[in-house]
Amino acid sequence: MNQKGKFFAISLTFCLMFLFWILLSGMWDLFHLLSGVICSGIVAFISHDLLVKHKDEKLVAKTIRLFRYIPWEFWQIVLANIDVLCRVLHPKMPIDPCVIEFETPLRGDFSIVTLANSITLTPGTITIRVEPERGKFWVHALAKEPADALLVDGTMQRKVADVFMEGEGNR
């Protein structure tokens with residue numbers, strides 16, 4: 001990575017780390033903000049290559065798409081929580097656990113991790129295994145309906161593919 005690319009990676013990592021520091025600390029006094037700058041700087045200098053492997057001209061577009069994806073994922077989490085609540089409180093407990101497997105065209109590291117984490121964050125499903133080179137996922141589901149949403153519908157896969165610009169229309 002050249003000097004300009006390294007500076008970009010460190011700067012981006014610093015900004016993200018400092019933003020999280022501010023959001024999570026909730027402290028606005030000089031001591032805490034200065035501590036955040038120092039810690040974020042150290043982390044950015046040491047680990048910038050983990051977040052940005054090389055300068056990606058589509059990084060800004062991917063970031064904007066990711067921020068559009070996050071509210072959709074939160075809504076899916078709310079809907080899944082309601083579904084799990086109904087299943088647990090239903091007198092006959094309509095719970096039928098199963099393990100499904102499916103393949104996805106996603107191949108990028110971030111896209112596969114995002115899909116696996118999105119599945120796991122959604123109540124009623126958990127990613128139990130991933131083979132990234134084949135794009136194969138094994139998911140445990142609380143019932144058949146959440147499993148079918150991953151197998152038949154594929155909306156989550158399409159949205160993650162859109163975020164990371166993987167697929168037919170995004171290359």
Side-chain angles (χ1 to χ4, degrees), residues 8-9 11-28 32-33 36 39-40 43-44 47-48 50-90 94-95 100 102-130 132 135-171:
F8 172 77
S11 300
L12 179 65
T13 304
F14 171 80
C15 291
L16 289 173
M17 294 298 117
F18 188 60
L19 177 66
F20 280 125
W21 177 279
I22 290 172
L23 291 174
L24 296 177
S25 75
M27 303 290 198
W28 296 94
H32 286 96
L33 290 176
C39 291
S40 299
V43 168
S47 64
H48 64 276
L50 296 175
L51 184 63
V52 182
K53 291 188 189 293
H54 52 77
K55 190 171 180 187
D56 186 357
E57 63 277 351
K58 297 179 183 179
L59 186 64
V60 174
K62 289 178 183 179
T63 304
I64 291 169
R65 289 173 180 221
L66 180 63
F67 282 118
R68 284 193 322 219
Y69 173 76
I70 290 171
W72 179 85
E73 176 63 20
F74 279 141
W75 180 243
Q76 297 308 305
I77 291 170
V78 169
L79 293 176
N81 270 301
I82 294 168
D83 180 64
V84 169
L85 177 71
C86 292
R87 288 179 191 285
V88 169
L89 295 178
H90 193 279
I95 296 175
I100 61 164
F102 64 91
E103 290 188 18
T104 179
L106 301 175
R107 291 298 183 269
D109 292 341
F110 281 132
S111 57
I112 288 177
V113 168
T114 300
L115 181 60
N117 286 337
S118 295
I119 291 168
T120 299
L121 283 171
T122 307
T125 56
I126 184 166
T127 305
I128 55 177
R129 184 173 177 200
V130 177
K136 192 163 188 168
F137 283 72
W138 285 265
V139 176
H140 180 275
L142 190 62
K144 187 171 176 6
E145 291 80 15
D148 284 345
L150 289 170
L151 290 174
V152 177
D153 187 43
T155 303
M156 188 177 288
Q157 292 180 56
R158 283 194 312 277
K159 289 196 173 281
V160 171
D162 181 60
V163 167
F164 294 100
M165 300 178 182
E166 291 187 28
E168 302 84 44
N170 293 319
R171 293 200 189 251

Inset, instruction - May I have the step-by-step check of side chain to side chain contact (heavy atoms under 4.5 Å, CB included) for Glu73 and Leu121, ending in yes or no? - result: CA-CA 9 Å; Glu73 176 63 20; Leu121 283 171; 4.2 Å; yes

Got a second to check how far [X]'s [atom1] is from [Y]'s [atom2], nearest 0.5 Å?
| X | Y | atom1 | atom2 | value |
| --- | --- | --- | --- | --- |
| Phe137 | Thr125 | CZ | OG1 | 12.0 Å |
| Phe14 | Cys39 | CZ | SG | 10.5 Å |
| Leu19 | Leu24 | CG | CG | 9.0 Å |
| Leu151 | Lys144 | CG | NZ | 7.5 Å |
| Trp72 | Asp162 | CH2 | CG | 11.5 Å |
| Leu12 | Met17 | CG | CE | 9.0 Å |

Legend entry - Donor-acceptor under 3.5 Å (Thr120 side chain, Thr127 main chain):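 Such a contact is found between Thr120 side chain and Thr127 backbone.
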
Of all the heavy-atom pairs spanning [X] and [Y], show the shortest one and how long it is.
| X | Y | result |
| --- | --- | --- |
| Thr122 | Ala80 | CG2-CB, 3.3 Å |
| Arg68 | Pro71 | O-CD, 3.4 Å |
| Ala44 | Thr13 | CA-CG2, 3.7 Å |
| Ser40 | Trp21 | OG-CB, 4.3 Å |
| His140 | Ile128 | CB-CG2, 4.2 Å |
| Val139 | Leu150 | CG1-CD1, 3.8 Å |

Inset, instruction - Taking atom types as modelled, find out whether Tyr69 and Ser118 have a side-chain donor-acceptor pair closer than 3.5 angstrom. - result: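 There is such a pair (donor and acceptor under 3.5 Å, judged by atom type) between the side chains of Tyr69 and Ser118.
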
Legend entry - Set of residues satisfying ring-ring contact (aromatic ring centres under 6.0 Å, His included) with respect to Trp138, sequence neighbours excluded: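 For Trp138 there are no ring-ring contact (aromatic ring centres under 6.0 Å, His included) partners, ignoring immediate neighbours.
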
Inset, instruction - Please identify each residue that fulfils ring-ring contact (aromatic ring centres under 6.0 Å, His included) with Phe74, with sequence neighbours left out. - result: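 Per chain and number, Phe74 pairs via ring-ring contact (aromatic ring centres under 6.0 Å, His included) with no residue.
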
Inset, instruction - Evaluate the criterion side chain to side chain contact (heavy atoms under 4.5 Å, CB included) for residue pair Ile22 and Leu33; output intermediate values, then yes/no. - result: CA-CA 8 Å; Ile22 290 172; Leu33 290 176; 4.2 Å; yes

Inset, instruction - Side-chain contact test, heavy atoms from C-beta onward, threshold under 4.5 Å: evaluate it for Phe164 versus Thr114 and give yes or no. - result: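 The answer is yes, as the side chains (C-beta and beyond) meet within the 4.5 Å cut-off.
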
Legend entry - Given Leu85, Val78, Val84, the one that forms side-chain contact (heavy atoms from CB on, under 4.5 Å) with Ile82: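 Checked Leu85, Val78, Val84 against Ile82; only one passes side-chain contact (heavy atoms from CB on, under 4.5 Å): Val78.
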
Legend entry - side-chain hydrogen bond (donor to acceptor under 3.5 Å, both in side chains) partners for Asn81, two or more places apart: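 Asn81 satisfies side-chain hydrogen bond (donor to acceptor under 3.5 Å, both in side chains) with no residue once adjacent residues are dropped.
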
Check side chain to side chain contact (heavy atoms under 4.5 Å, CB included) between [X] and all other residues, then give those that pass, not counting sequence neighbours.
| X | result |
| --- | --- |
| Ser11 | Phe7 |
| Ile95 | Arg87, Met93, Pro97, Leu142 |
| Ala147 | Cys98, Ile100, Ala141 |

Legend entry - Name of the residue among Gln157, Arg158, Lys136, Glu166 meeting side chain to side chain donor-acceptor pair (under 3.5 Å) with Thr104: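 For Thr104, the side chain to side chain donor-acceptor pair (under 3.5 Å) test succeeds with only one of Gln157, Arg158, Lys136, Glu166, which is Gln157.
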
